[in-house]
Structures are given as C-alpha cells and as structure tokens.
Enquirer: 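Here it is, the structure, as structure tokens.
Throughout, protein chains are lettered first and strands after them, A, B, ... in sequence-line order, and every chain is numbered starting at 1. Since the structure is predicted, the reported quantities are computational estimates derived from the model, not experimental observations.
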Amino acid sequence: MRVSRLMLVTLRDDPAEAEIPSHKLLLRAGYIRRVASGIYAYLPLLFRVLQKISAIVREELNATGALETLLPQLQPADLWERSGRWSGYTAGEGIMFHLRDRQGRELGLGPTHEEVVTALAADLLRSYRQLPVNLYQIQTKFRDEIRPRFGLMRGREFIMKDGYSFHANEASLQDSYGEMDRAYRRIFSRCGLRTVAVEADSGAIGGSASQEFMVTAEAGEDLILSSGDGLYAANQERAVSLAAAALPLAAQPCRELDTPGQTSIEDLCAAHGFDPSQIVKVLLLVARCADGSLLPVLVSLRGDQLLNAVKLANGVSARLAPEQGTLLSIEPLTADLVRSERLPLDLSAIPFGSLGPDLSDGTLVATAAPTPTQVLAGSGNAALATAAQLRLVPKLLRLTDPTAAELETFVCGGNNPDKHRVGATWAGLGLAPELVDLRAAQSGDRCLHDPEQTLTAARGIEVGHIFQLGRKYSEALGARFTNESGAEEALWMGCYGIGVSRLAQAAVEQNHDSNGICWPVAIAPFEVIVVIANLQEPAQHLLGEELYTSLLAAGLDALLDDRDERAGVKFKDADLLGIPWRVVVGRGAKEGQVELVQRQGSVKRELAAAELIAELSALIKAGRSGLLA
RNA sequence: CGGGGCGUGGCGCAGCUUGGUAGCGCGGGUGCUUUGGGAGCACUAGGUCGCAGGUUCGAAUCCUGUCGCCCCGACCA
C-alpha cells in the first residue's frame, strides 16, 4: 500500500475527546474516528490490525479443534426470558439495547450469546457421542454501557471473540477450560502483549471458576492483586488474603458506653482508645430484586476492614428466594434511596452510627408504617407508598465477615443513638453469625497460600475472560443430551471471551512512546514502511519503488511513503503510525545505501540496499511470533 | 443516574466577566523558494458561534429550555 492512497489523515494536536495515551494516539494517527459516544469507525489502518489479531485468534482456536461460526446479533426476547436475564439486562440500568419490531415482538441486540448458542446446542447436540464441542465467533457486540469511555476500551459497540463449549461432564469442561487457558496465553503472547492471568469474579454471566487475562497498563480500569512469588493473582473484586491479626479486647462483662456524636470508627477510637480491629462495624444496605422486592441487608465487618461490594452482591444473590429473581442492585440505605424508591421509611428513627449486629428486624418495620404526613409528602399517593411498604422484606438478611465473627469480645453499636457496647460477644447478643467473605483484600495483605508473601497492586486492562459456566444456561434453556447410560441430562458449558477491538487499543497502551505508537510486529497494520526522503530525487524515488516491490515479493507487509512531503513530515508520521520497521531511502540512495530503523527504541543502521530484503525478512519473521520465542 | 466541565471554520483554542455583528495557531487550495525530523513568503477558500425560545435598537456574549460530548463513581471483553 502507498501512503498517498491510504486516506491517511494524521492530527498534530491531541483531540479534546481523548484522555489516555492509546486513545489519543489512535485518533491522531488516523486509526479510528468517533461516530457517537462509545461508537467508533475502524479506519483502514485499524482494520488491518483487527484482521491480524483475528487471524491469530483463529489459528490458535482452530488448532484446539474449536469451530468458527457466526450467530445473530438480533435476538428474540423470549430466549432471554427463558434464561432469566431479559429483565436484568433491559430494565433500569440494563446493558442491552432492545427494540420492538413492526409486529410488536421484542428483540435485543446481543451483548453476548449464551442464550442463542445454548438454544442451538439444545437443537443440535443430542448424544454424548457428539461431545465435546467448542463453538466460537468473532463479531460485533452491543452494550449500552452506563459510561462509555477511553475510545475502544469501553465502547457501546465493540468486536469480541466469544466461544462456548459443551460437555458431557464436568471433567471434560475442565479439560477444555484448561485448553482455552493455554490457547489464550499463546494468543496474547503472539500478539506481543504482556498479560497476567488472574482469578476473577464471574459477574453477570454466572458460573463457577473464572479467570481474566489482563494487559498490564497504568490506564487499566481494573485493580490486580498479586503475590511476589507469582503463585497468586486475582482481580481485587475477587481477591482473598489474610487480614492482620486483631488486637484482642480483654474479656469483660458487656456494658453500655456513652458515645455522644461518635458515629465513625475513627471517632470511637479517638475518644476511647480502642483499636479499629476491636470494633464490629455494621452497615445497613438495601438490595433491589427483579421482582420489585427490597431486601434490607445488615453487614458486619471488623472495624479496620473494607467492604468488597462484589463479594457482597454475590453473597446476597446466592441467598435470594427463587421468586425474587435476580439481584438488580445493592446500595446503602440513604435518604436518596428512600426518595428514589419512595420508601415510607423514617430514617431518623434508625440509629445510624450506632448500629449493632443485633439490630432488630422490627427497627425497619416499625419505621415503615407510613404516617399520614409521609404519605402526603411523598408522592401524595397513599397507594404507592403502601405498595413500596409491601415490597420491603420485613426480615433483615444478616451477613458477617469472618474477621468480625472471629472476635471473641468486641465493641459494637448499641442500636441507640449515642450508645455503644463494650465487651459484647456473639453469643451474648444472641446471634449465630452467617459467615460470608465480604472484606476487600488490600495491597500489603499477607497471602493465603503463603503468609510470607504479600499482595501488591497493579492496574490492568481486561482483554480476555474464561468461565466454567456449568449447567446454568443448559438447564434454563433445556439443552439436554443422552449420556452413556441412556439418561438425559443437561450439558456442561464453558464460555470464553476476548475483546478484539479492546485488545488493539490495549496493545497501544502498552506499546507507545512520546513520538507515537510502537506496534508489536505481529499485529502491526504494516510490518515495514519505506520512506523516500525526497521524492524529487530520481535515484531515491527509483530505489524506493524497487525496494517496496521486493519487500512485497518477499512476503512482507510493506507500506511505501510516496508522498511529495518533506522528509521530516514523513518521519513524524511513520513514528506516529508505529510501523515496527522503517527503511529510509535518502542521501545514500545513489551509492545503494539505505537506513534501517527499528521503531521501538529508534535503533538505526546503514546497510546496502542489496542486503536489505534478506536482513529484514529474518527480523520480521522472528517478530511475527510475538513474545513466544 | 448523581457530581464536575465543554460545545466558536476540518483539528486545537481565544473572544463571553463589562452585548456593538468573529479572531489566532495548525490543516486545505494556488504560486515561488526550500528539501533528512511536523519549512518560509505571498495569495486564497472555508464559520447557521450545538439547537430552540426570550431580553434588547442590537446577542457568540445576558436569561430559559433542550441536545450532544468529555471527566469522576456503580456495569463489562
């Protein structure tokens, strides 16, 4: 390809719309253009990058025996209703774009394809003899992100490779999961990316084991915690660790303590000389469920620990009654929530700042009785207020983190304003704590696998995620097969994603310098750019054309900068574009000398044009294998 | 959705406080000079000042509404 024919428009200034380096560079170098928030045109240069990434993905997946397919993006609502995800994905802050067709049928634009592929499996896979099967596709996904950002990093329309495997038993699923793990490591290495595999929360997709692949970069949206020995790495959402030992509080009879205005752990410690680890911190939250019910949740944590919201949501989800459906959200009980949910609650009757783990169920119920003024002040609609009251589950879901439960004697709120208790015990409060890991692991914590190791934090961009889904979808959608003994059972499933367009940008985030992008050879839009320094010099022009033709003939992806621009302009653009190798045909052209420059590190050397092809072929062919070597 | 900010030639911005009919840099076109790190000179084209109301003799500027975009938090490849 010739630069003069490339529709290349580079920008000298950083576009105002971009914040992080990769986004700025992709815009400046003419790889992408924004069409609407979170929606981008992939220009010809980026399209070549996407094709190269896709080719690597295909090679590695095909090598495992996976089958490429292409599934519909427009999907009927009833499929999603069968899996129970329609309301969660469309209602409220749901992520699925959805619409009605001319017949009034509801459809969604696919944010993922578990439902469609499972329905197909139900149709096609009947016997254990057909298993296992692994299907994948590379196509555009749609997600109405709450906040699109950072260009391709979090778009509303993006390219994803998603794969789904089907198995006759869990062991086979685990085999494929392991095989995908290995394939993913090869894919990212071949792309030239430094990634780290971390244990992950499986989120809305559900399932058991799951692992994310993170491109390490400052601009990453995720926090990774890992041990120095390399044996443990996890997303902070999921990470576990050993909490520091608590400072024991002497056993003593439980007594009430006056704590006027002391509503925080810091206040209590400052006023009475407690250590935060001697206090049980109690949080009151409300979970919104798909059926409209509102479940109050009382969380107990050790005072020096932080709540991990993802762990809490998982813990609550697992405890919802079937008729409550899925968990839509969980948030602290605040005045804002009372207003937005029209809850007939009098928050001033709840002793925030002095909550104890034994807060009675009646506390909420008692305040929940709507007074005439509240009914009038609220929506002015008594029926609504009563409805909201009915939606409020009258019993607290009490969850306790082990760090709190392990305290033999502790300080906690007295369920009365300005009162706390010292010397409380779980038995003394008449409680048998329901244990759930709810604490957020932090950088610096000791590791579970080896207390000598501590966790350190790094930021990462999630480019891949693999899950063992189990039978959640196959059961919901009736995807059953006949096993060896002639009995019917649900298929075991795995699912495996790679954010292809995100990966392209992550590669830039990890590989750039002050002059522009430095693509890894394996995914660069072109492998080498021939720059004719001065097009007006016949010797340069001739030699440049000649080398360009030979590079193409040698099977290299070559670009020729044949623009009648000053050399400086062409050098700047070549750096910005990030082509890994540059051949400068300039002053030495008459003597048959050219300059070879490696983009990464700007390493330069002169050599005879006659030797160029052989030299460069070897270098580029080595580079094509990325970090595998 | 909550909090913060921005919409002015293709791009980056000034002008707005204190209303008087739009400017700078880059980019585009033409010509001459230049030619190894985003050249110089000259000429030139290009703007419903996001949109809609309002105030005013007069609005980019003041007021109201609305749309779009970006950043910080909850969702995910």
Side-chain angles (χ1 to χ4, degrees), chain A residues 9-20 23-24 27-28 30 33-39 88-89 92-96 111-112 138-163 184 200-205 212-215 221-222 235 237 309-310 313 328-332 334 336-337 339-340 461-467 495-506 515-516 531-537 540 564-576 582 584-589 595 597 602 604:
Chain A
V9 178
T10 57
L11 305 174
R12 192 183 292 236
D13 300 312
D14 282 336
E17 72 189 68
E19 193 74 10
I20 62 174
H23 188 194
K24 288 178 181 172
L27 283 164
R28 279 189 57 205
R33 283 285 162 133
R34 190 181 63 77
V35 173
S37 178
I39 301 177
Y89 269 65
E93 297 198 333
I95 209 166
M96 183 151 64
T112 176
I138 296 175
Q139 67 147 232
T140 297
K141 293 280 189 286
F142 299 90
R143 289 184 190 169
D144 193 0
E145 290 288 345
I146 298 163
R147 182 151 91 87
R149 62 180 138 180
F150 302 148
L152 306 183
M153 221 58 116
R154 177 172 301 281
R156 295 193 294 168
E157 182 181 317
F158 59 97
I159 300 173
M160 177 174 168
K161 185 290 291 184
D162 53 326
Y184 272 40
D201 180 72
S202 44
I205 293 175
E212 289 168 337
F213 294 85
M214 299 285 191
V215 169
E221 294 186 271
D222 287 280
N235 193 310
E237 294 174 350
V310 172
L328 298 182
S329 73
I330 180 158
E331 45 195 309
T334 60
D336 276 349
L337 185 71
R339 206 175 314 116
S340 66
I461 300 163
E462 182 187 355
V463 291
H465 200 159
I466 59 178
F467 302 77
C495 94
Y496 318 96
I498 292 179
V500 173
S501 46
R502 177 185 281 183
L503 189 153
Q505 184 169 335
N515 293 318
V531 175
I532 301 173
N534 185 348
L535 203 70
Q536 305 304 322
E537 285 289 336
Q540 294 185 18
D564 191 6
E565 289 284 352
R566 298 168 62 84
V569 172
K570 290 185 272 200
F571 294 155
K572 285 285 186 192
D573 275 344
D575 285 349
L576 185 57
R582 181 169 94 216
V584 182
V585 184
R587 296 192 194 99
E595 186 184 52
V597 187
S602 297
K604 303 179 184 180

Enquirer: For a quick check of understanding: with a heavy-atom distance under 4.0 Å over all strands, which category does A:Gly163 fall into, base, sugar-phosphate or nothing?
Expert: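 Counting heavy atoms under 4.0 Å across all strands, no contact is made by A:Gly163.
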Enquirer: Rounded to the nearest angstrom, tell me the gap between atom CG in A:Asp564 and atom P in B:C32.
Expert: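 Rounding to the nearest Å, CG of A:Asp564 and P of B:C32 are 13 Å apart.
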Enquirer: Does OP1 or OP2 of B:A77 have a side-chain N or O of A:Arg154 closer than 4.0 Å?
Expert: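 No, no such contact exists.
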Enquirer: So A:Ile159 and A:Ile138, do their side chains get closer than 4.5 Å, heavy atoms only?
Expert: yes
Enquirer: By nearest atom, which of the nucleotides B:C70, B:A74, B:C11 is closest to the A:Arg147 side chain?
Expert: B:A74
Enquirer: Is A:Arg587 close enough to B:U35 that one of its side-chain N or O atoms is under 4.0 Å from OP1 or OP2 there?
Expert: no
Enquirer: Want to settle it: does A:Gly499 or A:Glu19 sit nearer the 5' end of RNA chain B, counting the closest nucleotide to each?
Expert: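 That would be A:Glu19.
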Enquirer: Answer yes or no: does a side-chain N or O of A:Arg566 lie under 4.0 Å from OP1 or OP2 of B:A39?
Expert: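 Checking B:A39 against A:Arg566, a side-chain N or O does come within under 4.0 Å of OP1 or OP2.
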Enquirer: At under 4.0 Å between heavy atoms, what does A:Ile159 touch on the DNA or RNA strands: base, sugar-phosphate, or nothing?
Expert: nothing
Enquirer: Under 4.0 Å between any heavy atoms, over every strand shown, what does A:Asn515 touch: base, sugar-phosphate, or nothing? Just pick one.
Expert: nothing
Enquirer: Would A:Phe158 count as stacked on B:A77 if the rule is ring centres under 5.5 Å and plane angle under 30°?
Expert: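 Yes, A:Phe158 stacks on the base of B:A77.
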Enquirer: Quick one: is A:Ser37 getting a side-chain N or O under 4.0 Å of the B:G68 phosphate, OP1 or OP2?
Expert: no
Enquirer: What is the separation between atom NZ on A:Lys604 and atom C1' on B:G37, rounded to the nearest whole Å?
Expert: 8 Å
